[in-house]
Amino acid sequence: MAKANDILRNPHILTTRPAARTPVTRRDAQIKALAPQKPLYVFDPVRLAQSYRRFATSFGGEIAYAVKCNPHPAVLQLLAEEGIAAFDVASLAEIRAARAAAPQAKLFFMHPVKAPEDIAAAYHDYGVRAFVLDHVDELYKILRATELAQDLELFVRLALPKNGKAALDFSSKFGAQPEEAAVLLEACRPVCRKLGLAFHVGTQNTDIGAYARAVGVAADVIRSANVTVDVLDLGGGFPACYLERTPSLNAIFREIRAAVLTHGLHHMELMAEPGRALVADCMSLIVRVEQRRGDLLYINDGVYGGLFDAGPSLRWRYPVRRISRDKDAETGVTTAFRFAGPTCDSIDMMDGPFMLPDEIKAGDWIEIKQAGAYSQCLRTDFNGFGDAGFLVLDMPGESPVKPVKQRKQTKQ
Ligand SMILES: Cc1ncc(COP(=O)(O)O)c(C=O)c1O
């Protein structure tokens with residue numbers, strides 16, 4: 001417990017709650033033995049398999065993993081081994097990555113504004129048949145690039161009202177307004193084999209009612225279009241567990257099923273494009289403390305590396321844990337820390353607060369948990385700090401870790 005004197009001497013001590021003692025595990029021992037000088041991702045395949053199975057058994061529709069969230073070959077490979085049948089891809093690079101891991105999988109090219117050459121290559125070279133659009137110009141582009149193909153599956157992306165309970169709203173950049181979406185559905189119907197309506201409620205959506213409301217908007221659009229729509233694509237946005245309370249996936253799926261019934265859409269095929277909910281908790285990022293100044297820890301990764309979400313735009317609070325370099329005793333006092341990243345840019349700051357044992361010091365490592373989503377794929381080489389290592393955990397929990405060749409991650 002922090003005493004009053006401690007707090008006066010050390011004003012950044014925010015809580016007097018005893019910190020959970022940093023457990024000394026075999027895994028920590030492995031990390032200490034490796035003594036990583038660069039940021040290090042630790043991948044737990046068992047966790048990824050569990051997340052996928054949980055989603056697959058309770059969702060009740062087709063799952064197209066959103067490759068952008070974490071395109072690491074080990075992730076794609078494991079999902080393929082688990083039997084995932086589809087991927088949501090946004091570029092030719094993602095198409096190639098998905099094809100390499102799962103040659104037979106169905107690919108949905110879900111970027112609403114695509115290069116004509118990429119559409120042509122996707123269709124002719126990679127067997128992609130499903131494309132999204134939110135504007136009539138994109139429809140013409142798809143028809144031209146595929147030479148009026150007769151086997152297209154077209155999805156109209158619908159814009160939704162702003163969702164204040166998502167970490168990032170996804171309807172301000174892409175998506176047709178409901179009236180335009182209805183017109184697009186009518187235009188697409190005669191030129192495609194299968195027709196879908198897609199939306200995205202915003203990433204890390206914590207509003208349990210958001211999908212049900214979106215299904216309501218979609219139902220209105222389908223009614224006013226007055227054409228047969230085969231597929232309802234619920235997009236991504238399913239939340240992962242960080243520090244804030246989030247509704248369970250099962251509760252969200254129940255809401256979706258109820259809304260689909262209420263709005264009379266139960267005859268439609270259902271699909272989703274989850275990213276974060278599948279991969280967030282399968283990776284941790286191990287960073288090293290390079291210097292401590294009071295409550296500010298200078299660490300070796302940051303906003304231009306794997307911690308973009310923790311920076312000024314999203315202010316994400318990842319769960320964190322100290323891995324101490326020495327066998328020093330911890331008093332149990334937890335302190336609210338901020339992080340500074342390694343680059344010279346002052347945007348490279350993360351306010352947290354990140355609750356860590358007060359004894360933390362230069363040379364210690366921090367395990368940043370839930371770093372499987374939108375971390376590795378966003379790394380840049382700015383200031384020369386792009387390198388990150390990658391380890392595959394053989395077994396969950398206390399298991400030893402198996403080193404994999406260090407990879408240089410660059411922005412995709
Ligand atoms: C079209 C589309 N689908 C799915 C996703 C995945 O979203 P999430 O990671 O929130 O599940 C995204 C994220 O950007 C997206 O743009």
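Start at 1 with the first residue, then count along the sequence. Read the numbers this way: they start at 1 and go in the same order the structure lists the ligands and their atoms.
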>> Is it the case that atom CG in Leu261 sees more than 12 heavy atoms from other parts of the structure closer than 6.0 Å?
In response: yes

>> Show me the pairs that pass ring-ring contact (aromatic ring centres under 6.0 Å, His included) and involve residues 254-279, at least two apart or across chains.
In response: none

>> According to ring-ring contact (aromatic ring centres under 6.0 Å, His included), does anything in residues 203-228 pair up with another residue at least two apart or in another chain? List the pairs.
In response: Tyr211-Phe238

>> We want to know whether Asp345 and Tyr304 form a side-chain donor-acceptor pair, criterion being a heavy-atom distance below 3.5 angstrom.
In response: yes

> Going by distance alone, is a donor N or O of one side chain under 3.5 Å from an acceptor N or O of the other, for Asn70 and Tyr65?
Replying inline: no

Output side-chain donor-acceptor pairs under 3.5 Å for residues 275-282, partner residues at least two apart or in another chain, one line each.
{"unit_1": "Arg276", "atom_1": "NE", "unit_2": "Thr203", "atom_2": "OG1", "d": "3.2"}
{"unit_1": "Arg276", "atom_1": "NH1", "unit_2": "Tyr242", "atom_2": "OH", "d": "2.9"}
{"unit_1": "Arg276", "atom_1": "NH2", "unit_2": "Thr203", "atom_2": "OG1", "d": "3.3"}
{"unit_1": "Asp281", "atom_1": "OD1", "unit_2": "Ser51", "atom_2": "OG", "d": "3.4"}

> Contact residues of ligand 1 with a heavy-atom cut-off of under 4.0 Å?
Replying inline: Ala66, Lys68, Asp88, Arg157, Phe170, His200, Thr203, Gly236, Gly237, Glu273, Pro274, Gly275, Arg276, Tyr374

